[in-house]
Amino acid sequence: MKSSSLQMEWLLWNQAKKVKLKKGTYTVSLSDCKYRDLVNCELLSELPLHAPNVNKFSESMLQKPWKNDFRFSGKSLSLPLQTYRDSETGKTDKNIKASHSVQQILEMINLPRRYCRFYFMTLRGCERSKCWFWHVPKRGHEKICMAILKTYISINESGLLKRAVQIFARYYREVTPGENFDFQVLNDLLICLLKKCLLQEVFQMLNVTAQINTLPALEVLLRVFECVASLNVRDAVPTLISSFCKLVDAGMFLEYEHFNYIIKLLHQLQVSSQEIDTVLNIKCRFQEMHFKSNWLFDFNLVMAEIQHCKEKNDWAKLGALYVNARTACEHSDDLQKLSLCITEILTKDSEKDRPGVPFCDFADAVIKNSQCNEADRIFIGRAGISVMNSYRRVLQWIKGRKVLDKLQELQIHFTVLKGLTGSERLASRCQIVNTAAEIFLETESLDGATRVLRESEWITNAALWPCSESDIISRHNLLFSLMHKYLRQSCYRQAFEVLQNLPGFQNGCDTVDVSQYSHVFNKLLNACFESKNLGVLSSAVDFMLSKNIAVDFFLLRGLITGLGRSCLWSKARTYYKTALSLGCYPPLEGNLRHKILPIPFYVSEVEMLLAIELFLVSNASDIQSPGATTQSFQIVLKRCEDQAVKNSSDYQAGRERLILAARLSDPKLFLRHMTVNVNMEEVYSLELTSALKWLKENMKWAGKVWLFQ
């Protein structure tokens with residue numbers, strides 16, 4: 001401040017009040033130019049200003065003149081601290097530091113002359129009973145008013161926020177908002193007041209904005225209702241309803257869902273039916289008012305604006321333009337032309353090599369518009385299909401992926417829609433899903449490809465969604481590629497899900513021969529077998545058997561062995577019987593009647609034990625008969641018919657597995673080596689006592705498993 005202005009203020013305020021002292025407390029005249037030292041003791045947490053006990057001040061302290069400035073270039077005010085405890089001194093120091101940081105922010109406000117600096121630039125404000133300086137920005141100083149409000153909002157202290165409301169209300173009661181008015185400041189101030197639960201100030205702000213026809217954002221109004229509902233302040237409802245009516249009368253636009261949400265919050269507050277009816281009446285009046293809107297739709301003007309947006313690459317503005325035009329358009333033909341024109345503009349981006357995807361910005365602008373409805377969501381989905389296909393045709397996989405990600409983000413289920421332009425208008429659902437899944441595959445998103453297929457329920461051909469043979473072939477190749485990628489990542493369950501949904505397994509694809517899938521299914525079985533994933537392996541085998549798809553016998557035997565070694569004997573017996581019926585093992589029926597059990601030497605100990613169990617149950621009556629001691633129950637360890645070497649190490653390993661199988665039995669079985677037959681095959685006899693003991697303990701369940709199931 002210039003020296004001349006300081007001199008004038010000195011003369012005006014030279015007679016200000018001096019410091020008044022009371023017992024236990026003190027007050028300092030706000031005229032004292034050292035006022036900042038006291039202000040800085042005020043806590044940001046809004047705790048009261050605690051002053052030390054002071055018995056007296058020096059006369060020199062009392063004689064300082066009062067200026068309209070809380071800053072002082074001389075020594076700071078010294079207060080006696082001998083009455084403070086050490087802990088209180090530490091807390092005060094921290095509070096002073098925190099307050100100093102806020103004070104520094106306030107000092108950055110650039111105020112012209114005649115503005116009260118205590119009121120605008122201190123936490124406590126001006127406490128003079130009659131102040132000669134301005135507490136309201138001067139007419140035409142809207143820019144200064146906005147700067148003050150922004151500063152108070154940035155500090156976010158309750159006292160300053162309340163002061164901001166008073167400044168706003170008093171200024172705009174006399175002044176119409178001008179070019180420097182900032183709607184963001186208005187919305188931010190209301191949000192800060194809501195967070196501090198200062199509802200009285202919120203309602204005051206809403207009433208002022210309604211009076212000056214300068215409305216806050218709709219989202220802010222909804223948050224006011226949410227705040228009142230969450231705090232359950234029923235006494236505030238009449239004031240809230242009154243403010244709401246004023247805002248609507250001032251021109252605030254609400255969709256039907258906004259009214260429904262407000263009514264839902266009022267029901268949550270359990271307000272009276274009269275208050276609910278007030279909102280319902282406003283809703284009806286609002287609907288009638290906007291239904292009779294006579295805004296004229298100039299198609300040529302809209303098309304010119306669309307071309308302008310295209311030239312400027314302003315896709316967000318194009319989205320807003322579409323919504324406004326769609327709202328005002330009265331003829332479906334014009335709306336269709338408008339939609340096709342915009343879609344063609346968006347698809348032609350595939351012909352240009354530039355970053356960004358215009359469709360994404362356009363879709364955001366449309367969906368996030370307050371007037372967006374379900375028809376707009378359908379349009380975005382259909383346009384997205386056309387744009388996605390345009391990128392696929394030129395192999396711009398990354399841009400195609402961004403289109404799909406945007407559709408997912410906006411929760412638009414495009415798989416039940418058709419494109420708007422080109423061949424996409426006639427494309428089958430199978431083809432659209434194939435294209436989307438292919439884009440995900442090319443961008444290494446297996447989960448994205450699978451998600452699209454799941455959302456479409458893996459559909460290929462159906463009465464409502466017919467497709468061509470080429471679509472079926474494309475789906476076949478797509479799923480094969482997806483399955484192989486999952487196998488390389490050891491995602492066996494996902495790979496099995498893909499195979500389960502190959503063409504031919506749906507109701508509408510009975511013409512496809514599923515037996516051709518044997519190779520790829522067995523590839524999955526082999527991968528599961530090598531990784532010892534018995535869960536997926538058994539599920540895949542069950543599925544193959546139910547669909548009459550040939551199972552590799554080696555892998556089926558591996559499943560049986562793995563289940564037995566994992567002590568899952570019940571499942572192992574089930575699959576062993578299935579394997580027998582499929583011809584996986586040499587037939588046993590004739591040999592069993594002759595009390596001879598041939599076991600191939602190459603089978604595992606689990607398979608050998610299951611064969612012995614079947615042998616015991618089949619001959620149980622003979623084994624348990626009184627004349628069993630005169631009979632011989634033989635087990636022959638068979639060699640392969642084409643085996644060149646008669647006494648190989650493999651055969652010896654088979655002999656050891658047979659002994660192990662007998663020991664695995666519960667109770668144990670005992671085998672006695674009898675002889676070697678003419679084919680150089682070892683012959684064993686089953687020890688009768690151990691066989692009787694086994695039947696005694698297991699015949700009850702074994703009979704059901706091996707004879708009746």
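Since the model is a prediction, treat every value here as computed from it, not as a measurement.
- In this structure, S386 contributes its side chain and L420 its backbone to a donor-acceptor pair below 3.5 Å.
- Judged by distance alone, the side chain of D349 and the main-chain N or O of P358 form no donor-acceptor pair under 3.5 Å.
- Between F379 and V366, every side-chain heavy-atom pair lies at or beyond the 4.5 Å cut-off.
- In terms of modelled atom types and a separation under 3.5 Å, the side chain of R139 and the main chain of E174 share a donor-acceptor contact.
- Judged purely by atom type and a 3.5 angstrom limit, R377 has no side-chain atom pairing as donor or acceptor with the backbone of H413.
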Worked verdict on Q336 versus S339 for side chain to side chain donor-acceptor pair (under 3.5 Å): CA-CA 5 Å; Q336 186 176 5; S339 302; over 6 Å; no

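- A side-chain donor-acceptor contact under 3.5 Å links R234 to the backbone of Q270.
- Ring geometry for F181 versus F183: interplanar angle over 60°, hence perpendicular rather than tilted (30 to 60°).
- Judged by distance alone, with hydrogens and angles left aside, the side-chain atoms of Y152 form a donor-acceptor pair with the main-chain N or O of F120 at under 3.5 Å.
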Residue pair Y171, H141: steps toward the side chain to side chain donor-acceptor pair (under 3.5 Å) verdict: CA-CA 10 Å; Y171 181 77; H141 285 190; over 6 Å; no

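- F359 has its side chain within reach of I380: a pair of non-hydrogen atoms, C-beta onward, lies under 4.5 Å apart.
- A donor-acceptor pair under 3.5 Å links the side-chain atoms of R163 to the main chain of L123, judged by distance alone.
- Checked against a 6.0 Å centroid threshold, the rings of F133 and F118 do not count as neighbours.
- Taking the six-membered ring for Trp and the full ring otherwise, Y261 and F259 have centroids separated by 6.0 Å or more.
- With hydrogens and angles ignored, the 3.5 Å screen pairs no side-chain donor or acceptor of E255 with any backbone N or O of H258.
- With a 4.5 Å cut-off on side-chain heavy atoms, N324 and Q371 count as touching.
- Of the possible polar contacts, one joining the T214 side chain to the I212 backbone as a donor-acceptor pair under 3.5 Å is found.
- Note: H135 and Y119 have parallel aromatic rings, judged against thresholds of 30 and 60 degrees for the angle between ring planes.
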